[in-house]
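Here's the structure, in structure tokens; my notes come after.
Whatever order the structure lists them in is the order used to number ligands and atoms, beginning at 1. Nothing fancy with the numbering, it's 1 onward along the sequence. In what follows, every heavy atom counts, from backbone to side chain, and hydrogens, waters and symmetry copies are set aside. Remember, it's a predicted structure, so these values are computed and weren't measured experimentally.
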Amino acid sequence: MWFRQDLRLRDNPALSFASEQGTIVPLYIADSSCPQPFQLGAASKWWLHHSLQSLDQSLDNKLHCKSGDAQQVILDFVKTHSIQCVVWNRCYEPWQIKRDTQIKQALKEMGVTVKTFNGSLLWEPWEVLKKDQTPYKVFTPYYRNGCLRVQSPRMPSPEPQTLSIDYLQQEDMGVSSLNLLPSINWHTQIDKLWAPGESGASERLSQFLPNHIKQYKSARDIPSLLGTSGLSAHLHFGEISPNQVWFAVLHSVQGNTEQEGVDCYLSELGWREFSYYLLYHFPTLPDKNFSPKFEHFRWRNDPASLKNWQQGQTGIPIIDAGMRELWQTGTMHNRVRMLVGSFLVKNLLIEWQQGAAWFWDCLLDADLASNSASWQWVAGTGADAAPYFRIFNPVTQGQKFDSRGDYIRKYCPELNDLPDKYIHNPWDAPAEVLTSAKVRLGKDYPAPIVDLKLSRQRALDTFKEKEIPLQPIG
Ligand code: FAD
């Protein structure tokens, strides 16, 4: 049983199948053949380390951890130990699909049976197509006319009743040998916030259900509230399946999808599906603009502003709060992700790939499908994207979703004493207000690195010049 992004025992179709066949050898491989841009970022590695430890414990410390070229490791393993059947749950990143196809072929040539399963999506990407058999490019028809009408998601299955494991000590290098933890200890705060692993995932879900789901629709947009489920990293590493979440949500409201919050929450799981769907059908999604109109767009090369953005030092409070939240907690509220993305791509005119790369390194839930699709959405370059003229105004967005500045004060404590009226735009505050709040712009807190109005106009002019269409494609 080759574990990959399915680090759990419950509702694990490949594991259930394997356990019914007989004795299993559970294996995890840190695959050195992973192409450089897709290698795990630092935050993901931290998560994976703990997630593997948790899985190892659930398997009575019998998980075999190895590193190396996955194909080589598997073929050697199979030969040395006369393994008859290899099973795994499918992954959907293009490089993984290519690798898995080759491994499957090589194993078949050796006379080894290979069985693969869907353990991480509600709907297989190839099952949902438009009438003309081409893929959807717009979310709502994909989800409402496609997914919801194709078939109901598979019901989750319980943990296998018996697991007979053959532990081959000489083949287990141990989780620590994978060197996933950083040498610099930047994760003390993150250690306290998150509990990677299958039980941590269940715990998160039960904190969210049944009560928070009811307020989800309104609370999900307020970054100072714990209004969302916090399941994204658990889902990414497969410590819980989307099926488990989907059915737990329905169960919590006795199947009443009319209930406020429920449809909204399920459709967010739908956005996750859509991201995987796009990645599957359009494998260049992580690096190429989905809309070819942007191919020759002249983005600005501005390393200094990029650094200000990364470090939460742009002088725009909600942007800085978001970027600092990311650094300190390994995550960022969804609404603020949209704001910092829009600020980078539109106000600074820096290409979205640079933002995506920073997220990839810092996010605990870094996910190639969701990250690429979401960045393209924010940039206006994607399928079903926000049109270019939607340039979020971080001040009015902040006033709307963080009206009392609680979120800003948490992550930008140097602005703590500013009155609510100026917490989103300290540059507008009269000198005496700044003095009494002990804020010297440019010293205690940066002056804005761009003028919001001018940079907005610059973006509109630049996009117009390139004749980017007003409506999203698809
Ligand atoms: P909830 O609101 O509780 O939602 C439940 C689940 O639905 C999430 O756990 C997630 O799996 C899924 N989901 C929710 N919103 C989205 C969305 N817009 N797109 C895809 N799936 C969604 N999500 C990632 O998992 N990994 C990423 O690398 C990632 N990068 C992003 C980059 C940008 C620029 C933006 C705007 C969004 C990104 N998202 C990403 C989507 C979203 O921000 C996170 O999934 C969400 O904030 C996770 O918090 P939660 O688990 O509390 O979500």
| Of Trp271, Trp377, Tyr277, which meets ring-ring contact (aromatic ring centres under 6.0 Å, His included) against Phe139? | Trp271

| remark: Sorted by chain and residue number, the ring pair (Phe, Tyr, Trp, His ring centres under 6.0 Å) partners of His212 (sequence neighbours excluded) come out as none

| Aromatic ring pairing Phe117/Phe17, orientation class (parallel under 30°, perpendicular over 60°, tilted between) | tilted

| Sole candidate of Asp367, Asn371, Asp365 that passes side chain to side chain donor-acceptor pair (under 3.5 Å) when paired with His236 | Asp367

| said: Taking ring-ring contact (aromatic ring centres under 6.0 Å, His included) as the criterion, tell me which of Trp358, Trp352, Phe359 meets it with Trp375. | reply: Phe359

| remark: If you compare Ser342, Cys264, Ser370 by their heavy atoms, the one closest to atom 24 (C) of ligand 1 turns out to be Ser370

| message | I want to know if ligand 1 touches Gly230 in the polar sense, i.e. an N/O pair below 3.5 angstrom. | response | yes

| said: Give me the nearest non-hydrogen protein atom to atom 15 (N) of ligand 1 as residue plus atom name, then the distance to 0.1 Å. | reply: Glu268 OE1, 3.0 Å

| query | Any idea which part of Trp360 is under 4.0 Å from ligand 1, heavy-atom wise: side chain, backbone, both or neither? | reply | neither

| task | Can you pull out the closest protein heavy atom to atom 29 (C) of ligand 1? Residue, atom name and distance to 0.1 Å, please. | result | Arg337 NH1, 3.3 Å

| field | Any Tyr265 heavy atom less than 4.0 Å from ligand 1 | value | yes

| request: Look at atom 8 (C) of ligand 1 and say which protein heavy atom is nearest, naming residue and atom and giving the distance to 0.1 Å. | output: Ser232 CB, 4.1 Å

| message | Tell me the nearest of Ile213, Asn371, Val245 to atom 30 (N) of ligand 1, using heavy-atom distances. | response | Asn371

| query | How does Asn334 reach ligand 1, if at all, at less than 4.0 Å between non-hydrogen atoms: by side chain, backbone, both, or neither? | reply | both

| So does Arg4 pair up with Asp31, basic N to acidic O under 4.0 Å? | no

| note | Quick look: Ala366 vs ligand 1, heavy-atom contacts under 4.0 Å, and the answer is backbone

| request: Assign the ring pair Trp2 / Trp88 to parallel, tilted or perpendicular, where the plane angle (0 to 90°) is split at 30° and 60°. | output: perpendicular

| message | For a quick check under 3.5 Å, do Trp47 and Glu239 share a side-chain donor-acceptor pair by atom type? | response | yes

| query | In chain order, what residues pass the ring pair (Phe, Tyr, Trp, His ring centres under 6.0 Å) check against Tyr92, with sequence neighbours excluded? | reply | none

| note | Honestly, for Thr331 the part within reach of ligand 1 (heavy atoms, under 4.0 Å) is neither

| request: Just go through Tyr216, Trp271, Trp377 and tell me whose heavy atom is the nearest to atom 4 (O) of ligand 1. | output: Tyr216

| query | At a 4.0 Å threshold, what atoms of ligand 1 neighbour a non-hydrogen atom of Thr228? | reply | 1 (P), 2 (O), 3 (O), 50 (P), 52 (O)

| request: Can you figure out which of Asp367, Leu368, Leu269 has its heavy atom closest to atom 6 (C) of ligand 1? | output: Leu269

| Close N or O approach (Asp365, ligand 1; < 3.5 Å) | yes

| said: Between Glu124 and Tyr280, is there a side-chain donor-acceptor contact under 3.5 Å, judged purely by atom types and distance? | reply: no

| task | Give the minimum heavy-atom separation between Ile190 and Trp327, together with the two atoms involved. | result | CD1-O, 4.5 Å

| query | What's the shortest distance from atom 38 (C) of ligand 1 to any protein heavy atom, and which residue and atom give it? | reply | Ser374 OG, 3.4 Å

| query | Going by the angle between their ring planes, with limits at 30° and 60°, are Phe208 and Tyr265 parallel, tilted or perpendicular? | reply | tilted

| Looking only at non-hydrogen atoms, which of Leu235, Leu364, Val345, Leu231 approaches atom 11 (O) of ligand 1 most closely? | Leu235

| Any His236 heavy atom less than 4.0 Å from ligand 1 | no

| query | Under 3.5 Å, is there a donor-acceptor pair linking the side chains of Ser32 and Asp69? | reply | no

| field | Contact partition for Phe208 relative to ligand 1, non-hydrogen atoms under 4.0 Å | value | neither

| atom 3 (O) of ligand 1 - nearest protein heavy atom and its distance | Ser229 OG, 2.5 Å

| field | Interfacing atoms of ligand 1 (cut-off 4.0 Å, heavy-atom, Met338) | value | 36 (C)

